[in-house]
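Down below is the structure, laid out as structure tokens.
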Number of protein chains: 2
Amino acid sequence: MKPRGRKPDPEVDARIKQAAVTLLVSKGPSFTMDEVASAAGVGRASVFRRYATKRDILLDALALAMDAQVPPVPDTGALESDLLVIVTETLAAWNSPELAERTRQIFGEAGRDPAVAEIIRTAMRDRMTRSWAIYDRAIARGELSADADLWLLSDMLVGLVVYRGLIDVPQPDAPQMLRALMCGFTR
Amino acid sequence: MKPRGRKPDPEVDARIKQAAVTLLVSKGPSFTMDEVASAAGVGRASVFRRYATKRDILLDALALAMDAQVPPVPDTGALESDLLVIVTETLAAWNSPELAERTRQIFGEAGRDPAVAEIIRTAMRDRMTRSWAIYDRAIARGELSADADLWLLSDMLVGLVVYRGLIDVPQPDAPQMLRALMCGFTR
DNA sequence: AGTTTCTGATACTCGGAGTATCACAATGAA
DNA sequence: TTCATTGTGATACTCCGAGTATCAGAAACT
């Protein structure tokens, strides 16, 4: 079963993928297949030959875009200041109105398509485990109990921000949020 | 400027609204206008005469559905047990797969339409302020500092659950989550 | 050389939102 | 009563985007 005729042009592959990511970033998941084709300077059929449905290309572009920027892990010497960096980075996705709009749309898309949810979930878990070096150091310093539920900690942090972003509530002050996470709400 | 000809049938109004809510609950925001009309046993035109766009009818149905069930405010005598009730109620929206699917879709819709976000935000703020009697009592008992940011507390709670629900991560144990909220993560 | 498969182009089908028009029914005004 | 006005269901449209089908030509294999 060797492939015989003309081979798929890798240039075309790249242009389509690139166009999809660009469109996803510039106007969210509502781009059309025609837009992808013309932005890639490529025939409509070539897009559909690579991606049977719009969903497929959206998933591919999303996965690419998510892997694009993975922030470095801070190491400031204390849990509190390390966490402050994390919180600030998390808030960054909602800073400008345009960025907030994209983030909203992407998380919204997760509500309509489990595959999108999976991509986001995987990407987020990846980032989180990456930043667990912070917690290891904190535990070694005695700042954190060894059996703390780190998933819970991470998800409470991100969850608050995503929730507020989604329903358009102003984001909290990073230090205040940090204090709540570390010390809780009871006296 | 008195209205002259035939008057709009209030029966038709009611049937349409009812059908919209039912469809929203049974199959999420993806119902069609034709479905509304036929479920209401009403002409297509009558639907469009009342709601110019599908967005309009979706917003109306959503607002109705959100106001439908507002849980009672617990008063068990201690902050912890009161909060446990709140947490359990919050988790309830994600208990069955079908319910989780609807909740996901609704919150997802908030990412595509600011008006949906506003409806959800308003409804949630409403419920939250309603349950602030809990915190008043807790402050009186000395269980909570008087200047605690109750929005932050509430949003961390709901945020975690919504976030996990959206990207399909198993929800936390209510008691464990409670402990994190009340005591924080540092030793 | 001949065959296979890619390529861009074009023209379709299909489904759902929204529009337009119809004959008819209900209401108010004259 | 008569007439104008507006709601009613029915039907047939337009529009747009996803997905399909077909084409002639180009590239790569035997």
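Just so you know, these numbers come straight off a predicted model, no measurement behind them. Naming convention: chains lettered A, B, ... in sequence-line order (proteins, then strands); numbering from 1 in each chain.
Taking every side-chain heavy atom of A:Arg6 into account, D:dA27 is the closest of D:dA27, C:dG8, D:dT6. The side chain of B:Lys54 has C:dG18 as its nearest neighbour among D:dG9, D:dA27, C:dG18.
In this structure, B:Glu80 places its CD atom where only 12 or fewer heavy-atom neighbours from other residues, nucleotides or ligands lie under 6.0 Å away. Within a 6.0 Å sphere centred on CZ of A:Arg179, heavy atoms belonging to other residues, nucleotides or ligands number 12 at most.
Note on A:Arg50: only backbone sugar-phosphate atoms sit closer than 4.0 angstrom, heavy atoms only; bases stay farther off. A:Phe31 comes within 4.0 angstrom of the backbone, heavy atoms only, and of no base.
One atom, CZ of B:Arg49, and another, P of C:dT21, lie 14 Å apart when rounded to the nearest Å. Across the protein-nucleic acid pair, B:Tyr51 atom OH and C:dG18 atom P stand 14 Å apart, rounded to whole Å. Atom CD1 of A:Ile57 and atom P of D:dG17 are 16 Å apart (whole Å). Look at CZ on A:Arg15: it is 13 Å from C1' on C:dT7, rounded to the nearest Å. Atom CE of B:Met33 is separated from atom C1' of D:dG9 by 16 Å (rounded to the nearest Å). In this structure, B:Asp9 places its CG atom 18 Å from P of D:dT6, rounding to the nearest Å. Between B:Glu11 atom CD and C:dA26 atom C1' there is a gap of 16 Å when expressed in whole angstrom units.
Taking the ring centre of A:Phe31 as origin, the terminal cationic atom of A:Lys54 falls inside the region bounded by 6.0 Å and 45° from the ring axis. Judged by a 6.0 Å distance limit and a 45° cone about the ring axis, A:Lys17 is not positioned over the six-membered ring of A:Tyr51.
Across the interface with DNA chain C, nearest-nucleotide mapping of B:Phe48 and B:Gly5 shows B:Phe48 to be the residue nearer the 5′ end. Closest-nucleotide positions on DNA chain D for B:Asp13 and A:Lys7 were compared, and the one nearer the 5' end corresponds to B:Asp13.
Taking only distance into account, the side chain of A:Arg4 never meets the base of D:dA28 through a donor-acceptor pair shorter than 3.5 Å. Below the 3.5 angstrom threshold, one finds a donor paired with an acceptor across the side chain of B:Arg44 and the base of C:dG18.
A salt bridge does not link A:Arg137 with A:Glu143: every distance from a Lys NZ or Arg NE/NH1/NH2 to an Asp or Glu carboxylate oxygen is 4.0 Å or more.
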